[in-house]
Amino acid sequence: MDIIFIERLAVDTVIGVYDWERTATQKLYLDVQMAWDIKPAASSDNIALTLDYAAVSEYIQQFAQAKQYELVETFAEVLTREIMDRFNVPWLRLKITKPAAVPAAAGVGAEIERGCR
């Protein structure tokens, strides 16, 4: 299976368990890998036959703006399920980095993998 990916997509969302985190948006960075058979699109040069990463990116942006979670883990699980369902993706790996959570670290977060390749 081939992989369509989105790397370091920046989104702003309300996320966190502390009171101060619930009052403003924070930046998250997402890396998404999605299994997809690209042969039909490659042989016809037809975007309708591939996974449109622009559409997926837009959906992720809308999701981040509309939803509020305390845990990065919950954000990851719900978003993964929604992308897989909406875009008919059989396998997805999602890494979410929260850069401002631990001052001594460049970023912390969660990485999950769901489905079958």
- Message: Surrounding CG of N46 (heavy atoms of other residues, nucleotides or ligands, distance under 6.0 Å), is the total greater than 12?
- Response: yes
- Nearest-0.5 Å distance that lies between atom CD in Q68 and atom OG1 in T13: 6.5 Å
- Message: Would V78 and K67 count as a side-chain contact (heavy atoms from CB on, under 4.5 Å) here? Give the steps.
- Response: CA-CA 10 Å; V78 175; K67 308 288 183 168; 5.6 Å; no
- Item | Over 12 non-hydrogen atoms of neighbours within 6.0 angstrom of CG in D85 | yes
- Tightest non-hydrogen contact, residues P90 and A35, listed as CD-O, 3.4 Å
- Message: Is it the case that the side chain of D12 and the backbone of T25 share a donor-acceptor pair, with hydrogens and angles ignored and the cut-off at 3.5 Å?
- Response: no
- Message: Can you confirm whether more than 12 heavy atoms, excluding those of K39, are under 6.0 Å from its NZ atom?
- Response: no
- Query: Which value, rounded to the nearest 0.5 Å, describes the distance between I112 atom CD1 and E73 atom CD?
  - Reply: 9.5 Å
- Same apolar cluster: M84 and W91, side chain cutoff 4.5 Å: no
- Item | Exam field: side chain T23 to backbone W20, donor-acceptor pair closer than 3.5 Å | yes
- Item | Under 3.5 Å: donor-acceptor pair, side chain of Q61, backbone of A10 | yes
- Gap between atom CG of L92 and atom SG of C116 - 0.5 Å precision: 12.5 Å
- How many angstroms lie between atom CZ of F75 and atom OG1 of T80, to the nearest 0.5 angstrom? 9.5 Å
- Query: Do V56 and L49 belong to the same hydrophobic cluster, where Ile, Leu, Val, Met, Phe, Trp and Tyr are linked whenever their side-chain heavy atoms lie under 4.5 Å apart, directly or via other members?
  - Reply: no
- Note on the structure: Taking every heavy atom of A24 against every heavy atom of V14, the minimum-distance pair comes out as O-CG2, 4.0 Å
- Nearest 0.5 Å, what's the NZ-CZ distance between K95 and R8? 9.0 Å
- Query: Does E7 offer a backbone N or O that forms a donor-acceptor pair with the side chain of D31 under 3.5 Å?
  - Reply: no
- Which pair of heavy atoms, one from N88 and one from W36, lies closest together, and at what distance? O-CZ3, 3.6 Å
- Query: Closest heavy-atom contact between Y29 and K27?
  - Reply: OH-CD, 3.1 Å
- Any link between V11 and I6 through a network of hydrophobic side chains (Ile, Leu, Val, Met, Phe, Trp, Tyr) touching at under 4.5 Å? yes
- For the atom pair CD1 (I83) and CE (M34), what is the distance rounded to the nearest 0.5 Å? 6.5 Å
- Message: Looking at Q33 and I3, would you say the former's side chain and the latter's main chain have a donor-acceptor pair under 3.5 Å?
- Response: no
- Message: Under the criterion side-chain contact (heavy atoms from CB on, under 4.5 Å), I'd like the reasoning laid out for E70 against R22: C-alpha separation, chi angles, the key distance, then a yes or no.
- Response: CA-CA 8 Å; E70 290 187 2; R22 310 302 301 159; 4.2 Å; yes
- P40 and D37 have their tightest heavy-atom pair at CD-O, 3.5 Å
- Out of L30, L28, L94, which one pairs with I60 under the side chain to side chain contact (heavy atoms under 4.5 Å, CB included) rule? L30
- Pair E77 + R114, salt bridge at N-O below 4.0 Å: yes
- Task: Would you name the heavy atoms of A55 and F87 that are closest together and state the gap between them?
- Result: O-CZ, 3.8 Å
- Just wondering, more than 12 heavy atoms not from Y59 lying within 6.0 Å of its OH? yes
